[in-house]
Amino acid sequence: MAEGSNRTRYALVGVGNRGTTMWGRELLAGWGDYVELVGICDLNTMRAERARAMIGTAAPLYADFPQMMAELKPQLVVVCTPDDTHDDIIVEALEAGADVISEKPLTTTAEKIERIRAAEQRTGRRVDVSFNYRFAPTAARIKELIDAGAIGEVVSVDFHWYLDNQHGADYFRRWHAFRARSGSLFVHKATHHFDLLNWYLDSDPVEVKAHGELLHYGRKGPFRGERCRTCPHKARCDYYLDLSADPFLDTLYEEPSAVDGYFRDACVYREEIDIPDTMTATIRYASGVQVSYSLNTYMPVEGHHIAFNGHRGRIELRQYEKQPWEAPAVDEILLIRSFGGGVERIRVPHEPGGHYGGDNRMRDMIFRPGAQDRLRQRAGSRAGAMSVLCGIAALESATKGGACAVPALPA
Ligand SMILES: NC(=O)c1ccc[n+]([C@@H]2O[C@H](COP(=O)([O-])OP(=O)(O)OC[C@H]3O[C@@H](n4cnc5c(N)ncnc54)[C@H](O)[C@@H]3O)[C@@H](O)[C@H]2O)c1
């Protein structure tokens, strides 16, 4: 397609790992017929330069977001900055007449949700939230089964998510480790999980009772330093990260850390870490469904287990994402029918790309003209907000004790 044709002119804000790969290099490689990257904004100008080279674009760089909006007037802004900064950027982008794709979580507080939703209404523009897990092939198949009534009415869900001690630890190395930046992992990470539940069940959560403790990282660690590179304990630390062994992370984060002091390998045992690493919650839905949920961040395996219990059967999935043994490249959903109905083993092959093909399917849905949204997978600000509100209620319950109501949102 010719340069300057009817491709969507988009600008990228925040070019850490996520912005550079998912919404930069990969988006242009796979969906370049539909989008044109017209500008990149990041407060860290050295990281922005490196990201631009990695993406393979000549798009101009900005450190000032309003200036970029005024000069380039993009039709779409993709927001990949830390979670607590999303609201300012989203509102500014909407006010400037652009649509927005926000990385999850949409934002971190109820007040910020309110600002974003009001700006969306006021401007008539659209906010998409990148809930790529909805697009994983297993999730789509489970949604089809539930919607088709395969187990009758769903009454409860068992949902347990395991982050391994690489991925899980990564949240404790960076800004995610602070409630004020990420809302805690009940918001930052569980937004995916609460959104999956809301979508699968087609209902809103109304009450949460949760526990959340810091039991492994932060002040619970045996020793600490500032960061791995300079740490006196590196030889005996299970979480020692040698950034120089990963050329991608090294290039994007190490030298650019001189600009803003943002270390990609900060100590997971820092005293000041204030988020839980071990979380459980029970959630009651408007439809009456009861959910038992957990999130753990230092397991020897990565993946999740989910089971839907219905009046006429049960759907089970144990999805392996990383484990110290070979797991098949096919997931198996068990559809177990009550009253002697037997079991159906539904085999779902992994697809290439992040989240077993979910990342690609989501970009297809958003960018390929004529994509059909049969399963209502494309998520907007309401879905983004609802899952964050559930996470905020969970953190509040875990902090103060007792049950917390999840505020209702208009449909
Ligand atoms: N959907 C998913 O599966 C998924 C996966 C990874 C990350 N994410 C989300 O993507 C976002 C980015 O994650 P990341 O790991 O790349 O973060 P990161 O910290 O590595 O990068 C963020 C970048 O934003 C820049 N930045 C900070 N504040 C800014 C501002 N006000 N204006 C412009 N630039 C600013 C920083 O300099 C940095 O380069 C987060 O919201 C995260 O939750 C989503």
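Note that this is a predicted model, so its numbers are computed, not measured. Residue indices begin at 1 and follow the sequence shown.
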Are Pro74 and Met69 close enough that some pair of their side-chain heavy atoms sits under 4.5 Å apart?
yes

So Phe367 and Tyr34, ring-ring contact (aromatic ring centres under 6.0 Å, His included) or not? Walk me through it.
CA-CA 6 Å; Phe367 295 110; Tyr34 315 115; 7.9 Å; no

Could you tell me whether Glu326 atom CD has more than 12 heavy atoms of other residues or ligands within 6.0 Å of it?
no

Pair Tyr171, Asp277: side-chain N/O donor-acceptor within cut-off below 3.5 Å
no

Counting C-beta onward and ignoring hydrogens, is there a side-chain heavy-atom pair between Arg361 and Arg134 closer than 4.5 Å?
no

Any non-hydrogen side-chain atom of Met362 less than 4.5 Å from a side-chain atom of Met22?
yes

Is Glu144 atom CD crowded by more than 12 heavy atoms from other residues, nucleotides or ligands, each under 6.0 Å away?
yes

Using atom types as modelled, flag every donor-acceptor pair under 3.5 Å from a side chain in residues 88-97 to any protein atom, sequence neighbours excluded.
{"unit_1": "Asp88", "atom_1": "OD1", "unit_2": "Arg115", "atom_2": "NH1", "d": "2.7"}
{"unit_1": "Glu95", "atom_1": "OE2", "unit_2": "Arg122", "atom_2": "NE", "d": "3.2"}
{"unit_1": "Glu95", "atom_1": "OE2", "unit_2": "Arg122", "atom_2": "NH2", "d": "2.3"}

Report yes if some heavy atom in the side chain of Glu302 is under 4.5 Å from a heavy atom in the side chain of Leu163; otherwise report no.
yes

State whether a side-chain donor-acceptor pair under 3.5 Å links His160 with Ser294.
yes

Taking Asp204 first and then Arg382, would you say they form a salt bridge - that is, a charged N and a carboxylate O separated by under 4.0 Å?
yes

With side chains defined as the heavy atoms from C-beta onward, is the minimum distance between Met279 and Thr297 less than 4.5 Å?
yes

Leu295 side chain reached by Phe186 side chain, heavy atoms, under 4.5 Å:
no

Non-hydrogen side-chain atoms of Arg314 and Asp158 separated by less than 4.5 Å
yes

Where the side chain of Tyr133 meets the backbone of His355, is there a donor-acceptor pair that is under 3.5 Å apart?
no

Are there more than 12 heavy atoms of other residues, nucleotides or ligands under 6.0 Å from atom CZ of Arg368?
yes

Check whether NZ of the Lys or CZ of the Arg Arg264 lies under 6.0 Å from the centre of the six-membered ring of Tyr253 and within 45 degrees of that ring's axis.
yes

Look at atom CD of Glu255 and say whether more than 12 heavy atoms of other residues, nucleotides or ligands are closer to it than 6.0 Å.
no

Quick one about Asn309 and Ser156 (side-chain donor to acceptor, distance below 3.5 Å, no hydrogens or angles considered), yes or no?
yes

Under 6.0 Å from the NE2 atom of His167, do we count more than 12 heavy atoms belonging to anything else shown?
yes

Parallel, tilted or perpendicular: rings of Tyr298 and His216 (30°, 60°):
parallel

Kindly assign one of parallel, tilted or perpendicular to the pair His193 and Trp161, based on the angle between their ring planes and the thresholds 30° and 60°.
parallel

Is Ile151 close to Leu145 at the side-chain level, that is, under 4.5 Å between some pair of heavy atoms?
no

Is the closest side-chain donor-acceptor distance between Lys322 and Gln166 under 3.5 Å?
yes

For Lys234, does the NZ atom have more than 12 heavy-atom neighbours from other residues, nucleotides or ligands under 6.0 Å away?
yes

How far does OH of Tyr320 sit from OH of Tyr356, to the nearest 0.5 angstrom?
11.0 Å

Using a distance-only test with no angle check, is there a side-chain donor-acceptor pair under 3.5 angstrom linking Glu103 and Ser130?
yes

Does a donor on one side chain sit under 3.5 Å from an acceptor on the other, for Arg179 and Thr399?
yes

